[in-house]
Amino acid sequence: MFGTVVNTLAILVGSLSGLILKGGIPKSYMDTVMQGIGLSVVLIGLKGALQTNDILLVIFSMAIGGVIGEFFRIEDRLEQLGRWLESKFAKAGDGSFARGFVAASLLFCVGSMAIVGSLESGLTGNHQTLFAKSVLDGVSSVIFASTFGLGVLFSAFSVFLYQGMITLLASLIKPFLIPSVIAQMSAVGGLLIAAIGFNMMEFKRIRVGNILPAIAIPLIYYMIRTLFGWA
């Protein structure tokens with residue numbers, strides 16, 4: 001869990017720095033920087049998505065994951081959680097708290113570095129990937145917090161729970177975590193990261209939260225194949 005703890009602290013420190021700088025950064029600067037980060041996020045996502053060698057599995061994962069996510073209304077529930085946190089810890093206003101919480105939580109949680117880094121941390125005790133992710137998340141959280149406000153800080157707890165869960169469960173699902181499965185999960189996560197980038201640039205809002213279950217579909221598919229002895 002050490003890598004996850006460091007990642008959580010990096011987001012907390014970055015968010016606090018962003019909140020301090022919020023009043024001193026002109027809106028035009030923040031808008032331009034956010035667009036630049038959005039483009040960078042799209043690039044990171046596409047790079048991760050190109051790891052796959054099984055496009056059909058990625059397509060089916062996105063489709064099936066989308067159906068599951070819509071059924072459970074994951075994005076709506078994330079926004080409800082954000083609004084509840086806003087009512088407890090911030091002044092109700094334009095909803096930037098909830099938007100910041102949801103956008104930052106998704107960005108910091110669904111990438112390949114979050115998945116692979118947490119697995120490495122749990123299986124081998126190697127925290128290097130999560131350390132690198134901590135630097136990226138810390139820098140991003142400065143900009144996010146200066147734009148969206150306090151909600152970004154609370155995304156640190158989403159990261160702690162999400163990555164901590166993966167780390168703790170890694171030993172239980174170790175037999176199924178072959179390189180090809182991790183690659184497919186990372187590819188799906190990459191597409192979701194790219195979608196977050198498009199949302200940041202306000203091209204067209206994609207309900208990324210409702211596609212989150214897609215990340216687990218390659219693992220479930222491989223587990224079913226293994227259990228039933230399919231070739």
Ignoring hydrogens, what is the shortest heavy-atom contact between Ala145 and Ser15? Give both atom names and the distance.
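For Ala145 and Ser15, the tightest heavy-atom pair comes out as CB-O, 3.3 Å.
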
Over all heavy atoms of both residues, which pair between Val142 and Ser17 is shortest? Give the atoms and the distance, please.
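Reported closest heavy-atom pair: CG2-CB, 4.2 Å.
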
Partners passing salt bridge (Lys or Arg N to Asp or Glu O under 4.0 Å) against Asp76 (at least two apart in sequence or in another chain)
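Asp76 satisfies salt bridge (Lys or Arg N to Asp or Glu O under 4.0 Å) with Arg73, Arg207 once adjacent residues are dropped.
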
If you link ILVMFWY side chains whenever their heavy atoms are less than 4.5 Å apart, which other residues fall into the same cluster as Leu50? By chain and number, please.
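None; Leu50 is a cluster of one.
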
Going by side-chain heavy atoms closer than 4.5 Å, which hydrophobic residues are tied to Val135, directly or by a chain of links?
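Direct or chained contacts put Val135 with none.
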
Could you check if a side-chain atom of [X] sits within less than 4.5 angstrom of a side-chain atom of [Y], using non-hydrogen atoms only?
X	Y	value
Leu191	Val188	no
Phe108	Ser141	yes
Met62	Leu192	yes
Tyr221	Leu57	yes
Ile11	Thr8	no

Would you mind listing every salt bridge (charged side-chain N to carboxylate O under 4.0 Å, His left out) that reaches into residues 137-162, with sequence neighbours excluded?
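Those involving residues 137-162 are Lys133-Asp137.
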
Quiz question: by atom type and distance under 3.5 Å, do the side chains of Gln184 and Asp54 form a donor-acceptor pair?
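Note: Gln184 and Asp54 side chains miss the donor-acceptor criterion.
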
Hey, are Ser158 and Ser105 close enough side-chain-wise for a donor-acceptor pair under 3.5 Å?
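Yes, because at least one side-chain N or O of Ser105 sits under 3.5 Å from a partner of the opposite role on Ser158.
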
Side-chain (Asn210) to main-chain (Ile74) donor-acceptor, under 3.5 angstrom
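Flag set: sc Asn210 to bb Ile74 pair under 3.5 Å.
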
Interatomic spacing from [atom1] in [X] to [atom2] in [Y] - rounded to 0.5 Å:
X	Y	atom1	atom2	result
Leu219	Ile178	CG	CD1	10.0 Å
Ser61	Ile211	OG	CD1	12.0 Å
Met185	Thr52	CE	OG1	13.0 Å
Ser155	Leu153	OG	CG	7.5 Å
Ile217	Ile220	CD1	CD1	4.5 Å
Tyr162	Asn7	OH	CG	12.0 Å

Are Leu19 and Val139 connected, step by step, through hydrophobic side chains (Ile, Leu, Val, Met, Phe, Trp, Tyr) whose heavy atoms are closer than 4.5 Å?
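Different clusters: Leu19 never reaches Val139 through Ile, Leu, Val, Met, Phe, Trp or Tyr contacts under 4.5 Å.
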
Hydrophobic cluster membership, with links at side-chain heavy-atom distances under 4.5 Å among I/L/V/M/F/W/Y: are Leu46 and Leu43 in one?
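No; tracing contacts between hydrophobic side chains, which count when under 4.5 Å, never links both residues.
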
Side chain to side chain contact (heavy atoms under 4.5 Å, CB included) partner of Ser118, the single match among Thr167, Leu168, Leu169
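For Ser118, the side chain to side chain contact (heavy atoms under 4.5 Å, CB included) check succeeds only for Thr167.
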
State which residue, out of Leu9, Val13, Val6, fulfils the side chain to side chain contact (heavy atoms under 4.5 Å, CB included) condition with Ser134.
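Passing option: Val6.
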
If the condition is ring-ring contact (aromatic ring centres under 6.0 Å, His included), which residues does Phe2 pass it with, not counting sequence neighbours?
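Residues passing ring-ring contact (aromatic ring centres under 6.0 Å, His included) with Phe2: His127, Phe131.
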
Applying ring-ring contact (aromatic ring centres under 6.0 Å, His included), can you list everything that pairs with Phe71, at least two apart in sequence or on another chain?
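So Phe71 forms no ring-ring contact (aromatic ring centres under 6.0 Å, His included) with any residue.
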
